[in-house]
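All of these numbers come straight from a predicted model, not from anything done at the bench.
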Amino acid sequence: MATFTREEFYQQLLSGCVLPTAQQGFEQVWTLLLLSLACRLLWRLALPSYAKHLSTVAGGFYALYHFFQLQMVWVVLLSLLCYLVLFLCRHSTQRGVLLSITILIYLLMGEMHMVDTVTWHKMRGAQMIVAMKAVSLGFDLDRGEVPSIPSPVEFMGYIYFVGTVIFGPWFRFRTYLQAVESRRMSFSWFQKVCRSGFLSLVCLIMSTCVAPYLFSYFIPLYSYKLLRK
């Protein structure tokens, strides 16, 4: 096995992992960044609320199609199922629990090869984001933190919020409404966006390029025989 000096190792790590990972990460998210910026600028206009929600739905649909093509229908189906359960159980005080059970059954059916395994695993992250948003809304309704069931346009705007529909993170319905109201854009806001983007890139590089070496250093992969004794 070839050995590397420290300088050669760092050079190989930089050219073989860090730079390709950063480039691929940017290629994955630049479309989402542009869509998010477009939505943010659109929300600054004096538009009716339903128009803002529709713009979010349109951006989310485009993002889903960009990443999953026609397989996005399984994400859409889950969101429609969630709203149907909310509507049918609108007089219940256990909407969060009922939604959780419904989503669990749906996800288990998908895992049990209702859909092609490769396709399902590709969409699993987006499915989980939809699930967490819908369940959190159900419990917020039960607690009275959201006074009534959102309209279909509000619900779909929340579910398909372009900034989180693919990679997350999950956030609450009230946070979405605050985002749609869109506080004034400022230099400090732009600084926070750049800082968050930089930290996200650092985390991606650390998890892809650095963490495997740290893991093998603290728990050597070639010492598995010791665990079998």
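- Side-chain contact between Y176 and H53 is present, with at least one heavy-atom pair separated by less than 4.5 Å.
- Under a 3.5 Å cut-off, the side chain of S207 and the backbone N or O of L204 do form a donor-acceptor pair.
- When hydrophobic clusters are built by joining Ile, Leu, Val, Met, Phe, Trp and Tyr residues whose side-chain heavy atoms come closer than 4.5 Å, directly or via intermediates, L77 is grouped together with L70.
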* Verdict with reasoning, L14 to L19, per side-chain contact (heavy atoms from CB on, under 4.5 Å) -> CA-CA 6 Å; L14 178 65; L19 293 180; 4.1 Å; yes

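- V135 places a side-chain heavy atom less than 4.5 Å from the side chain of F139.
- Residues S49 and V180 fail the side-chain proximity criterion, which asks for heavy atoms closer than 4.5 Å.
- Between A22 and I205, the closest heavy-atom pair is CB-CD1, 4.2 Å.
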* Checking side-chain contact (heavy atoms from CB on, under 4.5 Å) for the pair L99/C82: CA distance, chi angles, key distance, verdict? -> CA-CA 7 Å; L99 262 177; C82 290; 3.9 Å; yes

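- Annotation: side chain of F68 is not in contact with side chain of V73 (no heavy-atom distance under 4.5 Å).
- Counting only distance, with no hydrogens or angles, the side chain of S136 and the backbone of K133 share a donor-acceptor pair below 3.5 Å.
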* Determine, stepwise, if the pair T56 / M156 fulfils side-chain contact (heavy atoms from CB on, under 4.5 Å). => CA-CA 8 Å; T56 305; M156 294 303 170; over 6 Å; no

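- Closest non-hydrogen pair, P169 versus I129, comes out as C-CD1, 4.4 Å.
- In this structure, the side chains of R90 and F87 come closer than 4.5 Å at one or more pairs of heavy atoms.
- Contact between A131 and L78 at its shortest, heavy atoms only, is N-CD2, 4.5 Å.
- The closest side-chain heavy-atom distance from L47 to S55 is not below 4.5 Å.
- If you take OG on S36 and CG on L41, they are separated by 11.0 Å, rounding to the nearest 0.5 Å.
- Of the residues listed (L64, I159, V57), the one engaging V165 in a side chain to side chain contact (heavy atoms under 4.5 Å, CB included) is L64, and it is the only one.
- The distance from atom NZ of K122 to atom CD of Q69, rounded to the nearest 0.5 Å, is 6.5 Å.
- Counting non-hydrogen atoms of neighbouring residues, nucleotides and ligands closer than 6.0 angstrom, the CZ atom of R195 reaches no more than 12 such neighbours.
- Contact check for F198 versus C194: no side-chain heavy atoms found under the 4.5 Å cut-off.
- Expressed to the nearest 0.5 Å, how far CZ of R95 lies from CG of L88 amounts to 12.5 Å.
- Taking all atoms of both residues into account, the shortest heavy-atom contact from V146 to L137 is CG2-CD1, 4.2 Å.
- Linking ILVMFWY side-chain heavy atoms closer than 4.5 Å, directly or via other members, places W74 and L107 in a single hydrophobic cluster.
- At a cut-off of 3.5 Å, with distance as the only test, no side-chain donor of Q24 or Q28 sits close to an acceptor on the other residue.
- Minimum heavy-atom separation, Q94 to S92: N-OG, 3.0 Å.
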* In sequence, state the C-alpha distance, the side-chain angles, and the governing distance for L34 and W30, and then conclude on side-chain contact (heavy atoms from CB on, under 4.5 Å). => CA-CA 6 Å; L34 289 180; W30 74 268; 3.2 Å; yes

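- Hydrophobic clustering keeps L32 apart from F26 (ILVMFWY residues linked when any side-chain heavy atoms are closer than 4.5 Å, directly or through intermediates).
- Atom CD of E145 is surrounded by more than 12 heavy atoms from other residues, nucleotides or ligands within 6.0 Å.
- Residue L81 holds its CG atom at 10.0 Å from CG of L86, rounded to the nearest 0.5 Å.
- Linking Ile, Leu, Val, Met, Phe, Trp and Tyr residues whenever their side-chain heavy atoms come within less than 4.5 Å leaves M72 and L54 in two separate clusters.
- Ring centroid separation for the pair Y83 and Y158 does not come in under the 6.0 Å cut-off.
- H66 and Y62 have parallel rings, their planes meeting at less than 30° on a 0 to 90° scale where 60° marks the start of perpendicular.
- For the pair M132/R172, no side-chain contact is recorded, criterion being any heavy-atom separation below 4.5 Å from C-beta on.
- When all heavy atoms of C39 and V162 are compared, the pair lying nearest together is SG-CG1, 3.9 Å.
- Using bins of under 30°, 30° to 60° and over 60° for the plane-to-plane angle, the ring pair F67/F167 lands in the perpendicular bin.
- Under a hydrophobic-cluster definition in which Ile, Leu, Val, Met, Phe, Trp and Tyr are linked whenever side-chain heavy atoms come within less than 4.5 Å, directly or via other members, V75 and L104 are assigned to different clusters.
- Only one option out of F61, F171, F155 pairs with F161 in a ring-ring contact (aromatic ring centres under 6.0 Å, His included); it is F171.
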